[in-house]
Structure formats: structure tokens, C-alpha cells
Amino acid sequence: MRGERMLYYGKKLVIFIISVGLLSLVTFYVSRLAPGDPLFSYYGERVEKMSPEEREWAEEKLGLNDKISVQYSRWIHQVFHGNFGRSYKYKMDVLDVLKSRLGNTLLLGGTGFLIIFAGALLLGVICAWKEGGWLDKIICKAGTIISCVPEFWLALVLILVFSVSLRWLPSSGAYAVGQEKNISDRILHMILPLTVIVTEHLWYYGYIVRNKMLDEIRADYVLLAKAKGIKKSRIMLVHCMRNIMPSYLSIMAISVTHIMGGTYVAETVFSYPGIGTLAYESARYKDYNLLMIISLMSGIIIIACNMAAQILNERINPRMRISRQSEMQEVDNYE
């Protein structure tokens, strides 16, 4: 049993490493084949005045005159030695640039995730409790409509209404000048992008919770509990909620990637200094080293969350576990 478990997690680790390797390879090649001039990011407008000899020297300095395969091999070698290179745009180590923005994204995305996690449970339970009622219908229909609205469009509407017309909330940035440690100012700057993130994802996951709760309510053990006179509130909040939590946790593991993507979009529209705006800038200015570290970090999070969700599903779903065990048995028989 222990050997099977080690073999299972060993396979997951191999798949993870291969996936990250393929991600780095594809990102590296696509970024360098895309149109644009990376020298402009490093040297600015001086590139336009460079002679052919000066341009050749500049490309050689940055290692851009070699074949893409050679550049990738050199980059991989540096990464294994802990060197991710320097940012062309910011003229500093890419890890230092990443650290300066990562906290803002974790704050915005993490807060959004917690609100969505708790809010989806609340909405799902309310809709299941009032199944078929006017509140259930309103929440489901409103959620369906709002979830179809593009994030960037909703962000622009919020800026137009609350920042331009009413002037209640700031439209960009993470804090005002000189107010980096002012908590209330940070909260004001987070309201609009956080609204976009939560609004775009809350209803979808709330609807999933609703359907899972209804499946539990229709189960035989619930009918037996009702026959014994147990209150509906106790059945739903104790028994049904406990039974859906494992599958809900696996769903929320997958949702991390969706919420992360929504956070990146919101950051870009609201000029919020996080990883999303940094990714946009690195792609726009052909800042290869910065783009690679952002892509790798985001890809690792996505792959890890999907694998975590798969492992959770296999542990809580007997059919998936039996299927995996039968596959391993076939391998043993073949050997």
C-alpha cells in the first residue's frame, strides 16, 4: 500500500516536472518569435540612432544574436544555478522586480479568493434552502447575467461611474503617493478591482454549491433524518455541508487558476501594481527574462492546483480510486 502511494505521487511529480519544462520551452520560443524589438526595452529611444555595428554589439551583450535553441539552453543552465537574469526594462534582477509586486497581487487575489470561497457557500446554501422560491430564481438569473459580462468591460463601467462621475473611489494604483502603509487608503484602492474579481466568479461557484446541496438534500439519508424529526437547518448545515466540503475544496483548488487570471485582468485595467500589470509590461516591452519568470510562476501555480484538485477527487471519489487501482493492477500483471 505504501509502495503504491509512493509510485502514485512519483508519477505526479514526473508529470509536474515535464509540464513545467514544456511550459518554459513554449513560452521561451513564442516570446522570441513574436514581433517587437527587445533592445528598445533595454536602451529606449537610443536604439533608433544605433548604427548596425552598435546594434550588433548590443544584441551580443544581451545574448540575442545566438540561435533560439542556444539562448534557451543558456537560460536553463542559469536557472539551475539560481540566476533568472535581469529585467531589460527595470535594469535589476527579475526576482527583485517580482518581489516588489507579488505582495500586492497576493493581497488582492487572496482577499478575492476568501470572499468567493465564503460567499459561494452562503449563496449556494441560501438558494438550496429556498429552492424554487423567488429568492432562488432572482439569485440564479442575476448570477447568470452578471457572469456573462466581460471583466474588462465591467471594470471600465465601474471606473466611469464611481471614479469619473461620482469621484468616490480611486481608479488606479494600490495606494496614494506617500500612503503605502495607510491601510484605509489601500482598502479604498482595492474596492473596485476586488468588486470585479468577486462579481465575475462568485455566482458561478455559488451555483455549483447550490446544485451539490440539492443533490445531498435528495439523498436517502436526508429523508431518513427528516423522518426522525431532525430539523432542516441541522440537516443542511451539519450533514449536507459536511458531505459536500471535500468536493467543494477540490473545485476551489481549480478555481485558484481562474481567480488568478481574473486578478491579472483587473490589475491591468485598474493599473494596479501587481503581477498582472507586470506580465502585460513584460510582454509589451519584450522583457524576456521577466516574462519567463512570471510565466513559470503562474504555470507552476496552475499545474499544482490542478494536480491538487485531481488528487482530492481521487481520494473522495471511490470510482476514480478504483479505476486508478485497476490500472495499477494491469501494469503489475503485465510486468
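Nothing here was measured: the structure is a model prediction, and the numbers come from that model.
More than 12 heavy-atom neighbours from other residues, nucleotides or ligands sit within 6.0 angstrom of CZ on Phe16. Within 6.0 Å of CD in Gln78 there are more than 12 heavy atoms belonging to other residues, nucleotides or ligands. Sparse packing is recorded around NZ of Lys130, with 12 or fewer heavy atoms of other residues, nucleotides or ligands lying under 6.0 Å away. Other residues, nucleotides and ligands contribute over 12 non-hydrogen atoms within 6.0 Å of the CG atom of Leu224.
Here the straight-line distance linking atom CG of Asn182 with atom CG of Leu188 works out to 8.5 Å at 0.5 Å rounding. Atom SG in Cys240 sits 12.0 Å away from atom CZ in Arg234 (nearest 0.5 Å). With values rounded to the nearest 0.5 angstrom, Leu214 atom CG is found 10.0 Å from Ile244 atom CD1. Atoms CZ and OG, from Phe270 and Ser171 in turn, are 8.5 Å apart once rounded to the nearest 0.5 Å. Note that CE of Met292 is 6.5 Å distant from OG of Ser295, once rounded to the nearest 0.5 Å. Going from atom CD1 of Ile259 over to atom CD1 of Ile116 covers 3.5 Å, rounded to the nearest 0.5 Å.
For the side-chain hydrogen bond (donor to acceptor under 3.5 Å, both in side chains) condition, the pairs that include at least one residue of residues 193-212, sequence neighbours left out, are Asp136-Arg210, Tyr205-His258. Listed by first then second residue, pairs satisfying salt bridge (Lys or Arg N to Asp or Glu O under 4.0 Å) with a partner in residues 60-84 read Asp66-Arg74, not counting sequence neighbours. Residue pairs meeting the ring pair (Phe, Tyr, Trp, His ring centres under 6.0 Å) criterion with at least one partner in residues 93-141, sequence neighbours excluded, are Phe117-Tyr248. For residues 13-33, the side-chain hydrogen bond (donor to acceptor under 3.5 Å, both in side chains) pairs, not counting sequence neighbours, are Ser24-Tyr72, Arg32-Gln71. A ring pair (Phe, Tyr, Trp, His ring centres under 6.0 Å) check over residues 171-199, counting only residues at least two apart or in different chains, returns nothing. Screening residues 91-111 for ring pair (Phe, Tyr, Trp, His ring centres under 6.0 Å), with sequence neighbours left out, gives no hits. Applying the side-chain hydrogen bond (donor to acceptor under 3.5 Å, both in side chains) test to residues at least two apart or on different chains, none of the pairs has a partner in residues 150-168.
Contact of the Ile191 side chain with the Phe162 side chain is not registered, since no non-hydrogen atoms from C-beta on lie closer than 4.5 Å.
Residue Leu158 is not grouped with residue Leu194 when hydrophobic side chains (ILVMFWY) are merged at heavy-atom distances under 4.5 angstrom, including chains of intermediate members. Neither Val70 nor Ile68 shares a network with the other; the hydrophobic side chains, linked directly or stepwise wherever heavy atoms of I, L, V, M, F, W or Y lie under 4.5 Å apart, form separate groups for each. When hydrophobic clusters are built by joining Ile, Leu, Val, Met, Phe, Trp and Tyr residues whose side-chain heavy atoms come closer than 4.5 Å, directly or via intermediates, Val198 is grouped together with Met190. Cluster membership for Leu290 and Trp75, using ILVMFWY side-chain heavy atoms within less than 4.5 angstrom, is shared. By the rule that hydrophobic residues join a cluster once side-chain heavy atoms approach within less than 4.5 Å of another member, Leu192 and Ile115 end up as members of separate clusters.
Of all non-hydrogen atoms in Ala155 and Val269, the two that sit nearest each other are CB-CG1, 3.5 Å. When all heavy atoms of Val125 and Val209 are compared, the pair lying nearest together is N-CG1, 4.3 Å.
Residues that satisfy the side chain to side chain donor-acceptor pair (under 3.5 Å) test with Ser69, not counting sequence neighbours, are absent from this structure. Shown here are the salt bridge (Lys or Arg N to Asp or Glu O under 4.0 Å) partners of Arg218, two or more places apart in sequence or in another chain: Glu131.
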Which atom pairs, donor and acceptor, lie under 3.5 Å between side-chain atoms of residues 102-110 and protein residues at least two apart or in another chain?
residue, atom, partner, partner atom, Å
Asn104, OD1, Arg186, NH1, 3.3
Asn104, ND2, Pro273, O, 2.8
Thr105, OG1, Glu267, OE2, 2.7
Thr105, OG1, Ile275, N, 2.6

Quiz: residues 84-95 side-chain donor-acceptor pairs under 3.5 angstrom, not counting sequence neighbours:
residue, atom, partner, partner atom, Å
Arg86, NH2, Lys91, O, 2.3
Ser87, OG, Lys89, N, 3.4
Ser87, OG, Tyr90, N, 3.1
Ser87, OG, Asp287, OD2, 2.5
Tyr90, OH, Arg101, NH2, 3.1
Tyr90, OH, Glu281, OE1, 2.3
Lys91, NZ, Tyr42, O, 2.9
Lys91, NZ, Tyr88, O, 2.8
Asp93, OD1, Leu95, N, 2.9

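In the hydrophobic clustering, Val30 connects to Val26, either directly or through intervening members, whenever side-chain heavy atoms lie under 4.5 Å apart.
No donor-acceptor pair under 3.5 Å is formed between the side chain of Thr277 and the backbone N or O of Ser271. Between the side chain of Thr257 and the backbone N or O of Ile254 there is at least one donor-acceptor pair closer than 3.5 Å.
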